[in-house]
Protein chains: 2
Amino acid sequence: MLIVFCGILNFVEQTFRQLCADHGIAMTHQRQVLYEVMQGMEGHPSPEEVYARVKKKVPAISLATVYKNIHLFVESGVFRKMSVHHGSVRVEMNSKEHHHMVCSRCKSITDIGEKELGLSPARRKLADGFLVERYAVDVIGLCAKCQQT
Amino acid sequence: MLIVFCGILNFVEQTFRQLCADHGIAMTHQRQVLYEVMQGMEGHPSPEEVYARVKKKVPAISLATVYKNIHLFVESGVFRKMSVHHGSVRVEMNSKEHHHMVCSRCKSITDIGEKELGLSPARRKLADGFLVERYAVDVIGLCAKCQQT
DNA sequence: CAAAAGACGATAAGCATTATCGTTTGATAA
DNA sequence: TTATCAAACGATAATGCTTATCGTCTTTTG
Ligand SMILES: [Mn+2]
Ligand SMILES: [Mn+2]
Ligand SMILES: [Zn+2]
Ligand SMILES: [Zn+2]
């Protein structure tokens, strides 16, 4: 029984070890727990929410470690960000109907018209040589709960 | 000449007074300068960038006032936000291709498949009674500059 | 013009995030 | 296995962005 249990644990660890190898990152205990906890979370948790859950399994873990590893996971392609984070709020003065090109590296924001965009992910190059990685379509509106008030 | 100049100033002020009336907000000097400065800015400035410019015209203005009025402008519909601000970074564990419904009030984020979304702004109601206000399509990728490195 | 309501400026406080640094751990080779 | 060393960790200070508070000043309204 104990042997079987250890065998399962070992298999899980081997799996994560492989995943780390595939993504070119080192394997640590904290990293493994973090990965498993995140994998098991619904929705789009914030670093604090992830931290709260991981602390239950590794009470000594630091919030800084959670941040560091979330970034590592995102940069190495294990997970990805829901959207590009701009740090501060950005205001729109252009009242024309338009969308945006957002650089995933420098986070620059450039307007792009609906026609130029086309909305078919076939186009891989856009105005000014912008290289498309993906489209992030956010549907903005009111959820059912917020409509009631 | 002076009369003509004052006439122009008065006309500009009257215009802004009208805009305030239209949007149901009070008219103040700081608000007017802020509006004119923002109107004249390119791109998607941060509150700090707006503050830096306004300070040149109204040196005594406070950063808090800039924030308060940017919010006021956004809430009263004079300007709008480039995207919904989530405060903290959100991570995506769902590896399926999908988009998001983001509530403009409570900022909740819900997954939505490409098919269910349709991408034609004709649909005004979506899953769970989500009421569509607008689509925010962000094209994520690398700008020309960032591709060079 | 006077009173009331609202806006302003200064500044403290509150999150989110990053940087620093001394200690611990994991990968590698003897 | 053990020694070595780079990398990762934990604690915590620092920073950046934003909001709250509060006393003073300006608009608005009558
Ligand atoms: Mn824009
Ligand atoms: Mn999602
Ligand atoms: Zn770039
Ligand atoms: Zn809502």
Side-chain angles (χ1 to χ4, degrees), chain A residues 10 13-14 16-35 37 44-52 54-76 78 81-91 107 109, chain B residues 10 13-14 16-35 37 44-52 54-76 78 81-91 107 109:
Chain A
N10 208 48
E13 185 187 312
Q14 278 311 116
F16 182 68
R17 188 177 292 280
Q18 188 56 52
L19 184 129
C20 286
D22 292 348
H23 290 86
I25 64 179
M27 201 214 75
T28 70
H29 177 59
Q30 287 90 337
R31 218 162 266 178
Q32 176 167 5
V33 174
L34 191 53
Y35 171 79
V37 164
H44 311 82
S46 66
E48 285 282 354
E49 286 166 342
V50 172
Y51 176 54
V54 174
K55 243 192 326 193
K56 289 177 189 164
K57 306 209 173 194
V58 186
I61 203 167
S62 161
L63 178 59
T65 299
V66 171
Y67 268 99
K68 281 184 255 194
N69 282 308
I70 287 178
H71 284 151
L72 187 73
F73 285 152
V74 168
E75 266 136 48
S76 63
V78 175
K81 284 195 260 198
M82 188 236 132
S83 63
V84 178
H85 192 240
H86 284 101
S88 57
V89 164
R90 300 315 177 94
V91 211
K107 291 166 182 53
I109 306 164
Chain B
N10 208 50
E13 182 186 315
Q14 278 311 119
F16 183 69
R17 188 176 293 279
Q18 189 55 53
L19 184 129
C20 287
D22 291 348
H23 290 86
I25 64 181
M27 201 214 74
T28 70
H29 177 59
Q30 288 90 335
R31 220 162 263 180
Q32 176 166 5
V33 174
L34 191 54
Y35 171 80
V37 164
H44 311 83
S46 65
E48 286 281 353
E49 285 166 343
V50 172
Y51 176 54
V54 174
K55 242 191 329 193
K56 289 177 189 164
K57 307 209 172 193
V58 186
I61 203 168
S62 160
L63 178 59
T65 299
V66 171
Y67 268 99
K68 281 183 258 195
N69 282 309
I70 286 178
H71 285 151
L72 186 74
F73 285 153
V74 169
E75 265 137 49
S76 64
V78 175
K81 282 195 264 203
M82 188 237 133
S83 63
V84 177
H85 193 241
H86 284 102
S88 57
V89 164
R90 300 316 177 94
V91 209
K107 292 167 183 49
I109 307 164

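Convention: sequence-line order gives letters A, B, ...; per-chain numbering from 1.
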_Among B/Thr65, B/Val66, B/Val37, B/Val33, the one residue meeting side-chain contact (heavy atoms from CB on, under 4.5 Å) with B/Val58_ =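 Only one option passes, and that is B/Val33.
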*asked:* Would you say B/Gln30 places a side-chain N or O within less than 4.0 Å of OP1 or OP2 belonging to C/dG9?
replied: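 Looking at the OP1 and OP2 atoms of C/dG9, one of them is under 4.0 Å from a side-chain N or O of B/Gln30.
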*Quick one: is D/dC9 close enough that its OP1 or OP2 comes under 4.0 Å of any side-chain N or O from A/Arg31?*
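A/Arg31 to D/dC9 OP1/OP2: side-chain N or O found under 4.0 Å.
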*B/Phe16 vs B/Tyr35 aromatic rings, parallel, tilted or perpendicular, using cut-offs 30° and 60°?*
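The rings of B/Phe16 and B/Tyr35 sit tilted, inter-plane angle from 30° to 60°.
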Using whole Å, report how far [atom1] of [X] lies from [atom2] of [N].
{"X": "A/Ile70", "N": "C/dA16", "atom1": "CD1", "atom2": "C1'", "result": "12 Å"}
{"X": "B/Tyr35", "N": "C/dA7", "atom1": "OH", "atom2": "P", "result": "18 Å"}
{"X": "A/Lys55", "N": "D/dG10", "atom1": "NZ", "atom2": "P", "result": "12 Å"}
{"X": "B/Leu34", "N": "C/dG9", "atom1": "CG", "atom2": "C1'", "result": "15 Å"}
{"X": "B/Lys107", "N": "C/dA16", "atom1": "NZ", "atom2": "C1'", "result": "16 Å"}
{"X": "A/His29", "N": "C/dT24", "atom1": "NE2", "atom2": "C1'", "result": "14 Å"}

Measure from the side-chain N and O atoms of [X] to the backbone N and O of [Y], and report whether any donor-acceptor pair falls under 3.5 Å.
{"X": "B/Arg17", "Y": "B/Met27", "value": "no"}
{"X": "A/Arg90", "Y": "B/Met82", "value": "no"}
{"X": "B/Glu49", "Y": "B/Ser46", "value": "yes"}

*Give the B/S/- string for nucleotides 11-25 of chain D, one per nucleotide from 5' to 3', where a protein heavy atom under 4.0 Å of the base yields B, of only the sugar-phosphate yields S, and otherwise -.*
BB----SBBB-----
_Enclosure of B/Lys57 NZ (heavy-atom neighbours >12, cutoff 6.0 Å)_ =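 At most 12 heavy atoms, drawn from other residues, nucleotides or ligands, come within 6.0 Å of this atom.
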*Mind checking side-chain hydrogen bond (donor to acceptor under 3.5 Å, both in side chains) for A/Ser76 and listing every partner two or more places apart, or none if nothing turns up?*
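For A/Ser76 there are no side-chain hydrogen bond (donor to acceptor under 3.5 Å, both in side chains) partners, ignoring immediate neighbours.
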Enumerate the protein-to-nucleotides 28-30 of chain D contacts in which both atoms are nitrogen or oxygen and the separation is below 3.5 Å.
residue, atom, partner, partner atom, Å
D/dT28, OP1, B/Met27, N, 3.4

_Value rounded to 0.5 Å, distance of NE2 in B/His29 from CD1 in B/Ile61_ =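 Reported to 0.5 Å precision, the distance equals 8.5 Å.
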*Report the distance from atom CG of B/Asn69 to atom CD of B/Gln30, rounding to the nearest 0.5 Å.*
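One finds 8.0 Å between CG of B/Asn69 and CD of B/Gln30.
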